[in-house]
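To keep things clear, I will list the structure first and then write my remarks on it.
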Amino acid sequence: MAPAAVSLERERERDVGALSALTATFDDTIRFYLNGSRVVLEDIDPEVTLLEYLRGIGLTGTKLGCGEGGCGACTVVVSQFNPTTKKIYHASVNACLAPLVSIDGKHVITVEGIGNTDSPHPAQERIAKGNGSQCGFCTPGIVMSLYALLRNNPSPNESDVEEAFDGNLCRCTGYRSILDAAQTFTSKDKGCGQATANGGSGCCMEKADGSDGEKNSGGCCMDKASLDDQPIKRFNPPGFIAYNPDTELIFPPQLKKHELRPLAFGNKRKKWYRPVTLDQLLAIKSVYPDAKIIGGSTETQIEIKFKALQYPVSVFVGDIAELRQYTFHDDHLDIGGNVVLTDLEYICEEAVQRYGHAKGQIFEAIHKQLKYFAGRQIRNVGTPAGNLVTASPISDLNPVLWAANAVLVARSESKETEIPTSQFFTGYRRTALPQDAIIASIRIPITQSKSEFFRAYKQAKRKDDDIAIVTAALRVKLDDGGVVTEANIVYGGMAAMTVAAQTAMGFLVGRRFAELETLEGTMGALGADFDLQFSVPGGMASYRKALAFSFFYRFYHDVLTNIDGQSDIVDKEAIDEIERSLSGGYEDKDTAAAYEQDVVGKSNNHAAALKQVTGEAQYTDDIPPLKNELHGCFVLSTKAHAIIKSIDYSEALEVPGVVDCIDKNDVPSPEQNRWGAPNFDEVFFAEDKVYTAGQPIAMILATSQLRAAEAARKVKIEYEELPPILSIEEAIEKESFHTYFRELKNGDTEEAFRTCDHIFSGTARIGGQEHFYLETQAALVVPKPEDGEMEIFSSTQNANETQVFAARMCGVQANKVVVRVKRLGGGFGGKETRSIQLSTALALAAKKTKRPVRYMLTREEDMVTSGQRHPFLGRWKVGVNKDGKIQALDLDVFNNAGWSFDLSAAVCERAMSHSDGCYKIPNVHIRGRLCKTNTMSNTAFRGFGGPQGMFMAETYMEEVADRLGMPVEKLREINFYKPKEKTHFNQVMNDWHVPLMYQQVLDESDYEMRRALVDQFNAAHKWRKRGLALIPTKFGISFTALFLNQAGALVHIYHDGSVLVAHGGTEMGQGLHTKMTQIAAQALQVPLDNVFISETATNTVANASSTAASASSDLNGYAIYNACQQINERLAPYREKLGPGATMKELAHAAYFDRVNLSAQGFYKTPEIGYVWGENRGKMFFYFTQGVAAAEVEVDTLTGSWTCVRADIKMDVGRSINPAIDYGQIQGAFVQGMGLFTMEESLWLRNGPMAGTLFTRGPGAYKIPGFRDIPQAFNVTLLKGVEWEELRTIQRSRGIGEPPLFLGSSVFFAIRDALKASRKQHGVEATVGRDEAGDGLLRLESPATPERIRLSCEDPIMRAARVVPKEGEKSFFVAI
């Protein structure tokens, strides 16, 4: 008879009882220091992270950016005694991941703890004064990463600084200004400039000595210099606070004496245990095998937050000193399973020094992998044991340990078990570790001195802080005859777990390594090992297979060079991976010298910079909690297209703390549930159907954000699924369009096509882009007790529509609703309309409950609900003559609007108006359509269709040039507009400077010389190719909706002479308030610090247009100027009476006593504009902001990796109001554009239970450029020495927010140039003179990801790796 089954629940209850008895003597109090003050915590909420605790006690300088440790906004420093190194270490950590239990006995330092606006820390001051903060939301985290570096290394070198920010992201600045500020802390003479650590090709002391390939173990030559003999010189810029490490917060002496005690605390929902000895841990695992072991919490916290996994019993093991030791032995290294990865880096460096290069190859490989393993914040807490047990199929470390034949020592209370790494992984996220055991240590053998070779490789979308696409570790051992006796070829990213290429390994053993047949046979065997299907989970079948081949090819030739460097078959060029050098750049600081005034034209810092670097700047969710406040959480659709059959809230409403929920039934009328002017085709809450995954269905209201989110997950919704449409191509095939059609005709295209010499056609495809503002959508609604009044604090670019829709939803007049915006942590267009969805729902909730309601979306919620840049498809036909003069353009433009209109029509119109690029085309016919799909509604994004239209233009220019056999630079020059010529929408080109700037960039960047050098480089290199591109831009400034081109302002002068300015624009990092205070100060002739802008609010400036279209400085600046002129007229008699030296205080005082009004309302509307579609008449834009950029890249065609070697940008911004602000906008826009065209890829799941949902929903899967993705030489200048005769804007300046973004495409087209050289090498080129389907013309889609780059190559390895889909087979992901 089978034994009676014991219920899992009863087993768990028994285990909990035993665990409680075992830990009865454990302490339940956490003791730590916070910014120098002692803190003792009892009654601890076990579910709270360090970030939630800090923000809960009012330390809101530390921000929540993503919740998964991927952006660095939450960075704090945790100072602690390190049991591995036996030293105090100041660890930068992600507070969003750190459990409170992890800080016992440590010193937590936040941005508030190191300085304030009155007395900033030098790191804070230099980032502020170096213009390293724009929106400021990421800034505290960046400051704390720099602070951690300085605390651990007061004299960093330039490489140390550049690497310090690998766990931080910024969406605004383009990073250059932050790096420049941080580099002021470097010791310029530390180390050899040729050292590989400093980005050089290798110091003399690092070179092989030539006898046996053994590297010199002497380190860098400069390390030999005595620091006593040559004191380090630290650069202290004039006007900056000197950095003195002796003045830093000390490590509290009491903590040096602090005795770590075992901890146990929690409640019914969750219990935490913190053992401090290995025996205590093993006893806990013995009585409760299901206990979740947590070291760095880097994976667990993500599982809790995003997968809703529950771990009722968690054990923190980060403070068990026994698990953080390491020991060197003659033939191996033992490391504790819980040694943090940062320490493992240093241990590996020590191991290489101890064993030498040949015997330390494995440790070199581990160190190499760790360098790009997540960011420093993760490496400071993550552990090798955690990495192993997580069993990620794309782990960077696990293949290395397997290939090294490392042994895992598992311990339980009853026994010790040795598990070879090769036997550890048993399936997807499954291992052979016994349930009651932990990984106590890892035994890593050394390699043999001469006959053994070991290398590791990784390829990701981004170099720093990115998960691998494919990772590999390869090892061979040879006998004296060069025959392979052992081989380990281990990959991550090729299967559901880390796997060995068994067929390839079997083929290698017994064969002479240095024979060509060995290489070819192993490559063939790898093809058998990894016979991926086109639809393989994770996608990228051809690319992943190519990487597997390429890594082995690289390894083979690396080994061959070491054993027989003179071999006929050796391919030395395949060995080295692409590396970037230290970055730098140039700005023309004298750009405004010719027109600089007392205030305007000066490079003043961002007005709030010091507040932002010190954490004092307040954002929406930083507003202190209000009495009776509730938290909202959306219930979102999980289906892309479905009928809602039923909704059951009962279980959700039972969650403790839940107060209520709202849905469509709480909206007074169906009309009030609709929004999205002018079509009103979107609903706040789903009615009978859902049209996209992420569509709001309801909102849960609870007393905390955690409880609201928990309850939202418990809402049960039954769907009847309908077929979704996701991509543009699918929408075209099924004729799924929104009711919209636009046409732009000029000239006679049919006649031009009949008479021109050549007709070429093609397509241009560009993907979308996530805004990834660091502050997600956030709002707080406060109802008032009278007349239906309410106050809305919102992170929005559009206070006016926020007011309009909240009033409409609540059934009150707009005058009862006040919307207030202090600042945004980034916007980029994503908060122009999509913020209204959140604030209006909260307004309804506040009205219903009569309580304040707050909600800041999680990063995941934001990405699935808020829309993106529109993907576009252009189908073009171009007529051109033999001389290169373009005669006609016929273009069909399609954008993926998503499920509703939003702003898609205006985005399409701007794309159509910019699809001429900078080129005069006499005959044009363009048609625009909006694809209706089941994705989130796509929306405004910096450029608003302009970059997509110009991308189509530059695509046809590139391809036509290839077909003509003409350099594309020449084709561009031939077709440039000339001054006073008309565009295809009949606008005259005034103040046209693109041809001039094109020539200046050619000259200043030495473009022709570098073109010759690039050609030489490409001829000499097989796997490395360089490319150059020179791209112009013109961007029309004005809202295309005429009525939006207006602005108001309110200026008050007070008795003391201070000036308060209000205008309709919102500050989102672009420096608008800074420029506006400069305009007011100049107009009123007062010092800049006399002028203040408090906020943007609907009760000071009514009916304001959204802050968008790069027109806010023009519109609001003139409105402020208008108000100041009115006041100046009233003050004129007093200036005359009191003399030119009179202060504003004296003038205001005198005027006030004469009862003169010292307030004025200003107004401005853009003159002359007003375009009529269909008739093709009227002026569409007030003017064009123009620019030119040259970019040079180097591509590793074996892997698809690349680096931007140099970028030279020149912008015509007219007479700059503030050059420092403009430079920041140019650099930030360029890098954001570079991300759009090369890196940022949004993907949807095609099949399975989450079919039709967004896959790239956080920084783990969606990659924006990081600090080390920017151009190595990043040069920016502004056009000067010209007259702007027709420019009639405020101060004759030009809008700058959006125009530079398209110049990031210069990197894309430079990559294309490099790829053409690679393809030509293998006999693949475009046919000249005619269109020929399937020939060698390179059609490259945007973004040019490493995958697309590699797949565009035509070398034999890539050809062998191509995976052909079977009939009907489709890829795993959908690119919409």
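This structure is a prediction, so every number in the text was calculated from the model and none was measured.
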Does Glu299 form a side-chain hydrogen bond (donor to acceptor under 3.5 Å, both in side chains) with Asn387? I'd like the steps, not just the answer. CA-CA 9 Å; Glu299 181 82 12; Asn387 198 255; over 6 Å; no
Identify the residue among Val93, Asp465, Leu97 that makes a side-chain contact (heavy atoms from CB on, under 4.5 Å) with Ile378. Leu97
Option among Arg324, Lys87, His90 that satisfies the side-chain contact (heavy atoms from CB on, under 4.5 Å) test with Asn82: Arg324
For [Y], does its backbone N or O pair with a side-chain atom of [X] as donor and acceptor, under 3.5 Å?
{"X": "Arg274", "Y": "Leu260", "answer": "no"}
{"X": "Ser794", "Y": "Ala779", "answer": "no"}
{"X": "Arg859", "Y": "Leu774", "answer": "yes"}
{"X": "Gln777", "Y": "Leu838", "answer": "no"}
{"X": "Asn94", "Y": "Cys96", "answer": "no"}
{"X": "Gln124", "Y": "Val613", "answer": "yes"}
{"X": "Lys63", "Y": "Thr60", "answer": "yes"}
{"X": "Arg851", "Y": "Leu630", "answer": "no"}
{"X": "Asp862", "Y": "Leu857", "answer": "no"}

Check whether any side-chain heavy atom of [X] lies under 4.5 Å from a side-chain heavy atom of [Y], and answer yes or no.
{"X": "Thr865", "Y": "Arg834", "result": "no"}
{"X": "Asp45", "Y": "Tyr53", "result": "no"}
{"X": "Phe793", "Y": "Glu1095", "result": "no"}

Compare every heavy atom of [Y] with every heavy atom of [X], then report the nearest pair and how far apart it is.
{"X": "Ile1270", "Y": "Phe1267", "value": "CG1-O, 3.5 Å"}
{"X": "Leu50", "Y": "Val76", "value": "CD2-CG2, 3.9 Å"}
{"X": "Ala98", "Y": "Ser102", "value": "CB-OG, 4.0 Å"}
{"X": "Asp622", "Y": "Gln618", "value": "CB-CG, 3.7 Å"}
{"X": "Asn131", "Y": "Ala1220", "value": "ND2-CB, 3.7 Å"}
{"X": "Val108", "Y": "Phe32", "value": "CG2-CD1, 4.2 Å"}

Full working for side-chain contact (heavy atoms from CB on, under 4.5 Å) between Lys831 and Met1068: CA-CA 10 Å; Lys831 296 175 181 176; Met1068 49 187 167; over 6 Å; no
Just one of Glu125, Arg126, Glu248 clears the side chain to side chain donor-acceptor pair (under 3.5 Å) bar with Tyr243, so which one? Glu248
Report the relative orientation of the aromatic rings in Phe772 and Tyr1262; use parallel for angles under 30°, tilted for 30 to 60°, perpendicular for over 60°. parallel
Stepwise, does the salt bridge (Lys or Arg N to Asp or Glu O under 4.0 Å) test hold for Arg854 with Asp621? CA-CA 8 Å; Arg854 138 186 347 240; Asp621 201 48; 3.4 Å; yes
Using distance alone, with no hydrogens and no angle criterion, decide if Asn116 and Thr614 have a side-chain donor and acceptor under 3.5 Å apart. no
Could you tell me whether [X] and [Y] make a salt bridge, using a distance below 4.0 angstrom between a side-chain N and a carboxylate O?
{"X": "Glu47", "Y": "Lys270", "result": "no"}
{"X": "Glu791", "Y": "Arg820", "result": "yes"}
{"X": "Glu163", "Y": "Arg376", "result": "no"}
{"X": "Asp319", "Y": "Lys106", "result": "yes"}

Would you please test Glu1067 and His606 for side-chain hydrogen bond (donor to acceptor under 3.5 Å, both in side chains) and show each step? CA-CA 11 Å; Glu1067 175 59 57; His606 192 290; 3.1 Å; yes
What's the spacing between Leu146 CG and Leu179 CG if we round to 0.5 Å? 10.0 Å
Determine whether Arg942 and Gln1232 satisfy the following criterion, side-chain hydrogen bond (donor to acceptor under 3.5 Å, both in side chains), listing intermediate values before the conclusion. CA-CA 9 Å; Arg942 194 179 203 168; Gln1232 198 173 60; 3.1 Å; yes
Quick one, Phe137 with Tyr773, criterion ring pair (Phe, Tyr, Trp, His ring centres under 6.0 Å). Give me CA distance, side-chain angles, the key distance, then yes/no. CA-CA 9 Å; Phe137 200 82; Tyr773 28 66; 9.9 Å; no
Criterion side-chain hydrogen bond (donor to acceptor under 3.5 Å, both in side chains) on Gln612 and Ser133, from CA distance to verdict: CA-CA 7 Å; Gln612 290 167 187; Ser133 180; 2.6 Å; yes
